[in-house]
Amino acid sequence: MKAARTRSLSRSGHVAAPSPFALDLIEALGESAVQWRAERLRAYEYDGSIDVGHPAAVALVATDADAASAIRVASRHGQPVVARGSGTGLSGGAVATRGGLALSFSRMRAINLIDPPNLRAVVEPGVINLDVSRAVASHGLYFAPDPSSQAACSIGGNIAENAGGAHCLAYGVTTNHVTGLACILADGTTLGTGTLSSGNSGADVPGYDLTGAIVGSEGTFAVVTKASLRLMPVAEAVRTMLASFPTVDDASRATSGIIAAGIIPAALEMMDALTISALMRAGHKGLPADAAAVLLVELEGLQEGVDEQVPFVEAILTDAGASDIRTARNAQERDQLWKARKGALGALGQIKPNYYLQDGVIPRTRLLEVLREVSIVSERYGLPIANVFHAGDGNLHPCIVFDGRIAGEVEKVVRAGADILRKCVDVGGTLSGEHGVGLEKQPYLPWVMSEADIRAQRSLKRAFDPKDQLNPGKIFPPDPVAHPSAA
Ligand SMILES: Cc1cc2nc3c(=O)[nH]c(=O)nc-3n(C[C@H](O)[C@H](O)[C@H](O)COP(=O)(O)OP(=O)(O)OC[C@H]3O[C@@H](n4cnc5c(N)ncnc54)[C@H](O)[C@@H]3O)c2cc1C
C-alpha cells in the first residue's frame, strides 16, 4: 500500500500523511485495518474514566495472524502495544499513555464453538460478554461473570481485568470461568494455556497455571486471541427481591446478616438514595422514592431449596429494619429490577456530567464503618458520592459525581477517591475488586504491597515480556530493568 493513497487533508488544510509506523502496519494488515488520522484516533483515547492517552495508530485486527503481525511491526518500530476491547475499563488500562499501537479486537467477535455437553464455548476476545449468554441460552446455559457493563464490554477485557459482576458472589469471578487461552506474546509468537479443546474438563493441566496468571494481568503479559469459557446451566428457580431500608446502616446490617446465616445468594447488591433518585430521574420504574438504601437479593437453585430460603432471607431483612420487601412476580419484573441496577452508573449523569468510580474491597463485617467514612469524605470535599455496589462480596463502588468542566474539580475528586481507598485498606481490604489497577491505583500499590512483592510481580512480567512492550506503565510504575532511564 503506497503512502500517496493514504494522504488526506487535515482540518487545518495541511496534507496529513501516515507515519512510517502506520505505513508498515498498512503494509502488513491492509489500509482498512489501520487508523492513523488524528480524528479517527480520538475514539481510542479514553476508557470510561478520567485518563487520556493518544495512540500513534490503531490496528483493527481480524485474526490471530493479524494480531501477531501488528505486534511484530510495533516491536520493530519500538512502539508499545495496548490491547483494547470495548474501552469500558474505568481504571485507565486500555489508555495508550505512551502512544504506540492500540490493538483493537472489535473485529474479532466470532463464537468459534458451543459445546453444551462439555459446558464450553470457545470465543474470540472481541465478543461482547452478554452475547455469550445469548448465544447459549437455547441450550439452557449461560456465562456467569456478568459485569454491569456486560452489554458493552468484551471477553478480552473481562479476562484482562478478571472482571466480576452481580452474580460472582455465588459463582466466582472471570478466572473461575476460563479454562484455556490462545495468546500472542510481545515477540509475536503464540502461546496456548490450559485447554481450548472442548473434550477436556479443564479441571487441571500439567505444568504451571498460566491461564490463571494471564487472567487479571491487564494486557501486560500477553494479548488474548481466543478463550475457552466454562458455561453454567440456568438455575431451575430464581427469586429476586428488592428490600427497602430507612438507613444505609440497616441495609449493611442485613447484608452481613444474610451471609452470617450461611446463605450465599446468587446476587446481593446495594444502591443508596442518591443512586435511586438518579435512576428515577432517568425513568426507571418500581423503585422506592423514600428509601435510604435498597438491597437487591437474588436466590436461585432447585425450586425446593429456593422456596425454603426465601422466608429465612425475608426474616433477616425484616429484622435488620427493611420497611418493604417486594418480590419480582415474573421475568419482566425481574428484568426491570436488573435493568435499574445495571443502568445505575449511566443514570448518575442525571446528577452531574462526570463520575469517578472507586472499586475498593473490604471485609463484609466492616461495611457499616466504611460507608460512614464515605459520607464523611463526601462532606469533606463537598462532592456527592453515590453508592451502588456488590454488597455481598464487600466490593464497594463509591461513585463520586462531579462536573469536570469546573477548574480543580478533577484533582479534588482524585483526592477524595484516595481517601476512600485508604480507608478500605486500613480496615483490611484492598484497592480493586474487579476494575484492575491500570493507571489509576498505581500510586497506592505500596499500601498493599511491599517492595519485595512488587519485585516478584515485575519478574513475572519480565518472563512474559522482557522488553516491557505490552501495556507498559500499567499496574506498576516503569520497570527499571527494561527502562533503565526511568529508574
Ligand atoms: C457502567 C460500567 C459498569 C461496570 N461494571 C462492572 C462490573 O460490574 N464488574 C466489573 O468487573 N467491571 C465493571 N466495569 C468495568 C469494565 O467494564 C470491565 O473491567 C470490563 O472487563 C472491561 O472490558 P473492555 O472490553 O471494555 O476492556 P477495555 O477497557 O478495552 O480494556 C481493559 C483492559 O483489558 C486489556 N485488554 C482488552 N482486550 C484484551 C485482550 N484481548 N488481550 C489482552 N488484554 C486485553 C486492555 O489492555 C486493558 O488493560 C464497568 C464499567 C462501566 C463503564
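All ligand and atom numbering here is 1-based and tracks the order in the structure.
- Using the six-membered ring where Trp is involved, Y142 and Y171 have ring planes that are perpendicular, over 60° apart on the 30 and 60° scheme.
- Salt bridge present: E269 and R341 bring a charged side-chain N and a carboxylate O closer than 4.0 Å.
- Note on ring orientation: taking the six-membered ring where Trp is involved, the planes of H390 and H397 are perpendicular (angle over 60°, cut-offs 30° and 60°).
- The 4.0 Å heavy-atom shell around ligand 1 contains residues A83, R84, G85, S86, G87, T88, G89, L90, G93, A94, F105, P125, P147, S148, S149, C153, S154, G156, G157, N158, A160, E161, A163, G164, E218, G219, A222, V223, V224, L345, Y355, H390, E434, H435, N471, ordered by chain and number.
- Side-chain contact, T220 with N471: no donor N or O sits under 3.5 Å from an acceptor N or O.
- Under the side-chain hydrogen bond (donor to acceptor under 3.5 Å, both in side chains) criterion, S49 pairs with E440, sequence neighbours left out.
- A side-chain donor from one of D272 and T275 sits under 3.5 Å from a side-chain acceptor of the other.
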